[in-house]
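Please read these numbers as outputs of a predicted model, since none were measured by experiment.
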Amino acid sequence: MAGPAASSSGAARAVVLRLDDLSLPPRYLTVPSHLRVSDLLASLPLPSSSYYLTSGGRPLPATSRVATLPPSASVQLRLRALRGGGGDGGATGAESRDCYLSMYLAKKPDKVDPNETRLSRFTCCALSGEPLAAPSVADRLGNLYNKEALVEALLHKRLPKALSHIRGLRDMIPIHLHPRPDAEAAGEEVRFQCPVTGLEFNGKYQFLALRGCGHVLSVKALKEVKTSACLVCHKEFEEADKMPINGTEEEVAVLRKRMEEERGKVKEKKDKKVGNGLSGSKHAATAMAVAGADKLENGKKGEAAAAKRFKAADHAPAHANKEVYASIFTSSRKSDFQETYSCRSLPLGRN
């Protein structure tokens with residue numbers, strides 16, 4: 001590569017131009033000594049604003065001349081760090097390759113599919129995660145469980161804090177899920193449906209459980225058939241007996257409030273019964289005290305009525321030896337006890 005034409009007024013200078021940033025082999029140039037660094041950059045087939053020259057690791061001023069370089073100097077062509085990041089081809093501040101690697105190689109949390117979450121709430125036990133199977137129960141907030149798993153957790157006191165509202169068997173409502181025909185044999189995940197409309201129990205449709213009989217029906221079925229009796233067993237129910245299954249936050253809040261009110265009523269009723277029991281026991285104690293006082297007044301003061309001692313001989317049957325009959329209920333007499341070698345270690349009378 002030939003450099004700019006040498007001027008007659010100055011000597012030529014050999015320069016080694018290194019192009020490491022462009023991954024190209026070095027070029028050997030012969031340029032006039034009086035040539036400026038800026039002119040040298042302009043003579044290259046590259047945009048001079050994007051590059052600069054260094055010598056010995058130091059940038060060369062654009063106004064300096066080639067004559068200031070040592071003979072056979074090695075000049076490095078360096079790429080300027082572009083600024084910007086606004087779509088102009090500039091850098092975004094992450095020039096290091098490690099920044100990109102750490103950004104893309106960092107493990108991102110898996111996104112939870114809301115459809116899968118909704119489906120699992122209607123097909124799996126909320127405690128064990130196993131598929132719902134009879135016998136099934138629901139708590140007072142509309143969550144579904146396999147009864148066996150819930151009872152076992154209650155017995156071993158292994159319920160999580162999220163299920164602290166379940167305190168015992170009274171908080172379990174037995175439910176009856178209507179199976180889909182041949183769903184279990186085919187291995188399908190959704191195995192239950194509404195017994196009236198046939199809507200699948202997969203979380204896409206709203207379902208209610210009737211607390212009185214435990215049958216689970218779709219909201220659509222109860223809207224289409226205006227009745228106050230269960231559409232399956234025809235048992236009468238009230239509006240308060242309708243319990244949403246896996247309801248919204250608002251519905252769960254209403255169920256929780258109802259649960260607290262019911263517990264408050266039960267506690268109030270229990271306290272009332274305990275109060276009545278205590279008052280009754282006080283009256284009974286008073287009556288016994290009065291009766292005892294009457295007996296003391298009728299008898300001698302300071303002396304208790306002598307209780308007649310039970311004697312087995314007095315109750316012997318006819319034609320029976322009273323002494324023999326009495327020996328059945330009493331121990332042997334000490335006068336008849338004969339000491340033997342094997343009973344010397346025993347106290348007298350314990351033979």
Side-chain angles (χ1 to χ4, degrees), residues 103-169 171-211 214-224 232 241-260:
M103 179 172 60
Y104 288 105
L105 294 180
K107 187 176 181 180
K108 298 180 180 180
D110 297 334
K111 293 183 179 180
V112 180
D113 189 357
N115 295 326
E116 291 293 333
T117 303
R118 183 181 64 242
L119 179 62
S120 64
R121 294 181 65 189
F122 280 79
T123 58
C124 299
C125 172
L127 177 63
S128 64
E130 298 178 354
L132 284 174
S136 302
V137 295
D139 61 15
R140 298 190 182 186
L141 302 183
N143 301 311
L144 304 177
Y145 309 90
N146 287 332
K147 185 175 182 180
E148 184 178 353
L150 187 56
V151 171
E152 185 177 354
L154 279 172
L155 291 176
H156 296 87
K157 298 181 180 181
R158 292 184 301 192
L159 277 180
K161 291 184 178 180
L163 303 180
S164 59
H165 60 278
I166 304 176
R167 302 176 183 177
L169 297 178
D171 296 322
M172 302 181 193
I173 301 173
I175 59 174
H176 305 287
L177 296 172
H178 187 73
R180 291 178 59 204
D182 302 329
E184 186 174 358
E188 297 182 8
E189 191 171 3
V190 181
R191 296 185 296 173
F192 304 104
Q193 66 179 16
C194 174
V196 179
T197 61
L199 295 177
E200 294 184 358
F201 195 67
N202 56 8
K204 295 182 180 180
Y205 310 100
Q206 294 179 329
F207 279 79
L208 297 173
L210 303 180
R211 298 176 59 177
H215 286 102
V216 178
L217 304 172
S218 64
V219 174
K220 182 179 179 181
L222 294 175
K223 284 184 177 180
E224 291 180 353
V232 179
D241 293 333
K242 296 180 180 179
M243 184 180 67
I245 298 295
N246 294 323
T248 61
E249 294 182 0
E250 293 78 10
E251 292 173 337
V252 172
V254 173
L255 292 176
R256 188 180 295 275
K257 183 178 179 181
R258 184 189 302 173
M259 177 183 66
E260 298 298 335

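Rounded to the nearest 0.5 Å, atoms CG (Leu150) and CE (Met172) are 3.5 Å apart. Of the inter-residue distances, the one linking Leu144 atom CG with Ile245 atom CD1 reads 5.0 Å to the nearest 0.5 angstrom. Atom-to-atom distance recorded for Gln206:CD and Leu222:CG is 11.5 Å, nearest 0.5 angstrom. Taken to the nearest 0.5 Å, the CG atom of Leu132 stands 7.5 Å off from the CZ atom of Arg191. Here the OG-CD distance, from Ser120 to Glu189, works out to 8.0 Å after rounding to the nearest 0.5 Å.
His176 meets the side-chain contact (heavy atoms from CB on, under 4.5 Å) test with His215; sequence neighbours excluded. Applying the side chain to side chain donor-acceptor pair (under 3.5 Å) test to Asp139 and every residue at least two apart in sequence or in another chain returns Asn143, Tyr145, His165. Thr123 is linked by a side chain to side chain donor-acceptor pair (under 3.5 Å) to nothing, counting only residues two or more places apart in sequence or in another chain. Partners of Arg180 by salt bridge (Lys or Arg N to Asp or Glu O under 4.0 Å), not counting sequence neighbours, listed by chain and number: Glu188, Glu200. Partners of Ala153 according to the side-chain contact (heavy atoms from CB on, under 4.5 Å) rule, which considers only residues two or more places apart in sequence or in another chain, are Leu127, Leu159. When the side-chain contact (heavy atoms from CB on, under 4.5 Å) test is applied to Glu148, no partner is found at least two apart in sequence or on another chain. By the salt bridge (Lys or Arg N to Asp or Glu O under 4.0 Å) test, Lys242 pairs with Glu239, sequence neighbours left out. Judged as a salt bridge (Lys or Arg N to Asp or Glu O under 4.0 Å), and not counting sequence neighbours, the contacts of Glu152 are Arg158. The salt bridge (Lys or Arg N to Asp or Glu O under 4.0 Å) search around Asp171 returns Arg140, Arg263, not counting sequence neighbours. In this view, Ser136 satisfies the side chain to side chain donor-acceptor pair (under 3.5 Å) rule with no residue, not counting sequence neighbours.
Shown here for Ala209 and Ile175, the closest heavy-atom pair between the two residues is CB-CG2, 4.3 Å. Pro181 approaches Gln193 most closely through the heavy-atom pair CD-NE2, 3.9 Å. Leu154 approaches Ile166 most closely through the heavy-atom pair CD2-O, 4.0 Å. Contact between Val232 and Pro195 at its shortest, heavy atoms only, is CG2-CG, 3.8 Å. Contact record, Leu119 with Val190: CD1-CG2, 3.8 Å, taken as the closest heavy-atom pair. Considering all non-hydrogen atoms of both residues, Asn146 and Ala133 come closest at OD1-N, 3.0 Å.
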- Task: Could you go through the side chain to side chain contact (heavy atoms under 4.5 Å, CB included) check for Leu208 and Leu217 one step at a time?
- Result: CA-CA 5 Å; Leu208 297 173; Leu217 304 172; 5.8 Å; no

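When the shell of 6.0 Å around CD of Glu260 is examined, it contains more than 12 heavy atoms from other residues, nucleotides or ligands.
Screening residues 248-258 for salt bridge (Lys or Arg N to Asp or Glu O under 4.0 Å) gives no qualifying pairs among residues at least two apart or on separate chains. Contacts classified as ring pair (Phe, Tyr, Trp, His ring centres under 6.0 Å) and involving residues 178-206 (residues at least two apart or in different chains) are given here: Phe122-Phe201, Phe201-Phe207.
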